[in-house]
Student: 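Before I ask anything, let me first share the structure, which is written out below as structure tokens.
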Amino acid sequence: MGIGGGVGVALEGIHASIAALNALEKEDAFLASGAHAGAGMDVFQRRYELCLEGLELTARLEAQLTALKSRQAARAVELQQAMTPPDATVQDRTYADMSVVEEIAGVLTISSAAAGALVEQSRRICSLPMVFQALAAGDMSWQHARIVADETEGLSPDGAASLVAHFFDPAAPQRARGAAPGELVPSRFRAKVRGWRERHHPESIEKRHAKSAADRRMEYTPDRDGMAWVSLYLPGDTACAIWNRTTATARGLQGPTEERTLTQLRPDIAASLLLGAGVNHGARNTAVHAEEDGPGPGVQGTQGVTGIGKVPAPRADVLVTVPVLALLGATDEPAALDGFGPIPASMARKLVADGAESFYRVLIDPRDGAPLEIGRKNYRLTETIKRWIRMRDTKCTFPGCTNRTPDNETDHLQAWQHGGTTGTSNLAQLCPKHHRLKHHSQWTPDPANTNEPPGWTSPTGRHYNPEHPDPEPTHWPPESWPQWPQWLQRAAPAVCQCLEASLENLPQWEPDDDRYVDLDDLPADDPLWAELLATPLVPSG
């Protein structure tokens with residue numbers, strides 16, 4: 001993009017957004033004046049809708065302004081470099097670049113470091129035309145654009161262009177499905193972009209993980225008010241297991257007599273385990289009782305870690321999605337750890353070999369990347385269906401919710417009492433907060449299907465697309481692979497068994513546990529609703 005490119009596009013969008021905001025303000029003032037009397041209009045409902053439309057336009061305007069800001073920052077650097085004499089030394093060029101960063105910092109009243117980051121991100125965003133155009137049009141926020149800048153760092157120009165095309169080019173052969181980048185909350189967009197980047201990075205994740213694992217460390221940072229931060233940089237499976245264990249134990253401790261929140265309980269439990277204090281026996285029983293068939297995600301009971309410095313295999317109720325050929329060692333393409341993201345295939349194979357008790361392997365079809373089956377030691381119909389839904393949805397399906405915790409509920413999209421079936425097309429994950437909202441508001445889910453979670457429609461008619469999975473065909477080993485005949489003999493039965501498995505073969509499911517009540521089956525006048533609504537909401541973890 002040239003020095004002047006893109007500014008006109010951003011300015012046109014800004015003018016259009018301001019004009020639309022002015023029109024909304026005039027309509028709201030007219031309604032507030034009472035001049036509409038007798039028109040038969042629900043004034044409060046219309047003014048409420050105007051507020052929502054105004055928020056949408058304001059967010060669009062903010063994005064357009066940041067596009068203009070980033071282009072001006074990038075242009076300033078380009079112009080400074082153009083003014084630098086061609087025969088200038090490296091030192092002179094370096095100081096010229098430093099000077100423009102310091103001037104931008106002064107103009108914006110920000111630190112030099114912040115100005116440097118803005119310049120670097122702006123230059124990268126402006127070098128990716130489709131990303132800049134989406135930002136200038138207000139189709140996504142600065143946070144979304146910055147994520148693309150971060151995740152394309154270290155990629156070749158062709159690699160960066162391929163990543164951008166996958167998410168932004170409507171004509172791309174394998175464009176990302178489901179919600180557009182600007183329709184995903186930034187954390188979910190980053191996870192989706194990072195997943196694609198890991199699959200297509202020129203250097204295998206195995207090699208990059210080996211380098212990063214050598215940098216694992218623990219850091220301590222004193223803070224204000226007598227507080228401090230302790231952080232761990234660990235392999236993803238270990239970190240995920242620690243988080244899941246503290247979360248599950250914290251949920252087990254919660255009750256009528258427990259005043260601490262989930263957020264407060266996690267560090268208390270972690271400190272207790274690290275310092276060897278343990279957790280009282282009653283709390284342990286409560287935590288384990290939450291899932292009688294086995295420990296919750298990452299729960300190892302409450303006994304201490306055996307062997308100082310030895311990291312045990314995580315006993316985590318976590319789905320690990322593994323390409324069939326990667327599990328067999330024929331390829332080294334990434335697997336995916338539920339709640340974390342891409343991990344090396346060797347890490348997934350190690351989890352299988354260590355036999356984590358609540359570990360569930362999800363095999364991936366090498367033809368199209370679709371999930372095939374969930375490995376299990378004991379067949380229990382209720383848990384099997386729940387894990388299928390969890391594998392498909394990956395989190396609470398409500399728009400913008402990122403709750404991946406194990407206490408998400410498998411809900412009927414159309415209530416059983418209103419003719420809803422108990423198949424995969426009528427089941428979806430909802431966190432407790434959004435489960436209640438669904439039953440007491442006009443938020444309406446779409447039907448789901450075997451491979452896609454539901455979208456949602458708000459009470460004002462706005463539709464939110466689902467966050468679809470983004471599978472791709474997995475890698476086949478090269479024909480020259482020396483052990484191809486042995487692998488084929490070993491893999492053929494497993495692959496054939498996998499290809500025969502599908503969600504359609506799974507029996508229908510109804511809750512078979514008297515301890516749990518399906519809210520879809522509960523009459524509106526049942527007193528349990530009052531008790532449920534009086535229960536404080538637990539913040540999403």
Side-chain angles (χ1 to χ4, degrees), residues 179 185 188 244 247-248 250-252 254-256 261-263 290-291 296-297 317 319 338-339 382-449 452-460 462-467 508-541:
V185 296
R188 295 305 309 145
N244 287 335
T247 299
R251 291 191 185 281
Q254 287 184 314
T261 66
L262 186 68
T263 302
E291 188 175 345
D317 187 9
L319 300 178
D338 181 31
T382 300
E383 293 304 318
T384 301
I385 289 291
K386 284 183 177 180
R387 288 189 178 97
W388 270 112
I389 299 300
R390 181 176 166 190
M391 176 178 66
R392 182 197 68 191
D393 296 349
T394 73
K395 64 178 187 65
C396 172
T397 59
F398 195 84
C401 184
T402 59
N403 195 328
R404 289 176 170 271
T405 56
D407 58 354
N408 279 351
E409 297 158 1
T410 304
D411 178 50
H412 284 84
L413 298 174
Q414 181 181 357
W416 178 262
Q417 62 189 21
H418 296 147
T421 63
T422 316
T424 55
S425 62
N426 195 46
L427 293 172
Q429 276 199 92
L430 282 175
C431 67
K433 180 176 83 170
H434 290 126
H435 195 169
R436 295 182 202 177
L437 182 63
K438 169 181 173 285
H439 284 280
H440 292 275
S441 71
Q442 296 181 12
W443 281 91
T444 307
D446 299 337
N449 61 42
E452 297 173 354
W456 287 77
T457 302
S458 76
T460 56
R462 289 173 172 77
H463 185 263
Y464 297 86
N465 289 322
E467 182 184 335
Q508 297 294 290
W509 167 74
E510 270 298 298
D512 58 358
D513 194 325
D514 293 337
R515 295 176 299 165
Y516 302 109
V517 176
D518 190 330
L519 297 182
D520 290 313
D521 301 334
L522 204 61
D525 57 353
D526 193 293
L528 190 59
W529 278 116
E531 179 184 344
L532 181 67
L533 294 173
T535 305
L537 293 176
V538 177
S540 297

Student: Show your working on side chain to side chain contact (heavy atoms under 4.5 Å, CB included) between Arg462 and Thr457 and close with a plain yes or no.
Tutor: CA-CA 5 Å; Arg462 289 173 172 77; Thr457 302; over 6 Å; no

Student: Are Trp456 and Lys438 packed together at the side-chain level, in the sense that at least one heavy-atom pair is separated by less than 4.5 angstrom?
Tutor: yes

Student: In chain order, what residues pass the side-chain hydrogen bond (donor to acceptor under 3.5 Å, both in side chains) check against Ser441, with sequence neighbours excluded?
Tutor: none

Student: Check whether any side-chain heavy atom of Thr397 sits under 4.5 Å from a side-chain heavy atom of Leu430, and report yes or no.
Tutor: yes

Student: Flag the pair Pro466 / Pro454 as yes when at least one side-chain heavy-atom distance between them is below 4.5 Å, and no otherwise.
Tutor: no

Student: Would you say the side chain of Asn465 lies within less than 4.5 Å of the side chain of His463, judging by non-hydrogen atoms?
Tutor: yes

Student: How close do Pro453 and Asp393 get, counting heavy atoms only, and between which atoms?
Tutor: CB-OD1, 3.2 Å

Student: For Cys401 and Lys395, which heavy atoms make the closest approach, and how far apart are they?
Tutor: O-NZ, 2.8 Å

Student: Looking only at heavy atoms, what is the nearest atom pair of Leu413 and Ala448, with distance?
Tutor: CD1-N, 3.8 Å

Student: Within this structure, what is the NE2-NE2 distance for the pair His435 and His440, rounded to the nearest 0.5 Å?
Tutor: 9.0 Å

Student: Looking at Thr261, is its backbone amide N or carbonyl O close enough to the side chain of Thr263 to form a donor-acceptor pair, meaning the two atoms are under 3.5 Å apart?
Tutor: no

Student: Of all heavy-atom pairs between Asn426 and Gln414, which one has the smallest distance, and what is that distance?
Tutor: OD1-N, 2.8 Å

Student: Quick one: does Cys431's side chain get under 4.5 Å of Glu409's, heavy atoms only?
Tutor: no

Student: Less than 4.5 Å apart, side chain to side chain, heavy atoms only: is that true for Arg188 and Thr402?
Tutor: yes

Student: Among Asn403, Asp411, Asn408, which one satisfies side chain to side chain donor-acceptor pair (under 3.5 Å) with Gln429?
Tutor: Asn408

Student: How close do Thr247 and Leu262 get, heavy atom to heavy atom, and via which atoms?
Tutor: O-CD1, 4.2 Å

Student: Please report the interatomic distance CG(Asp446) to CD(Glu452), rounded to the nearest 0.5 Å.
Tutor: 11.0 Å

Student: With sequence neighbours excluded, what pairs up with Tyr464 under the ring pair (Phe, Tyr, Trp, His ring centres under 6.0 Å) test?
Tutor: Trp443

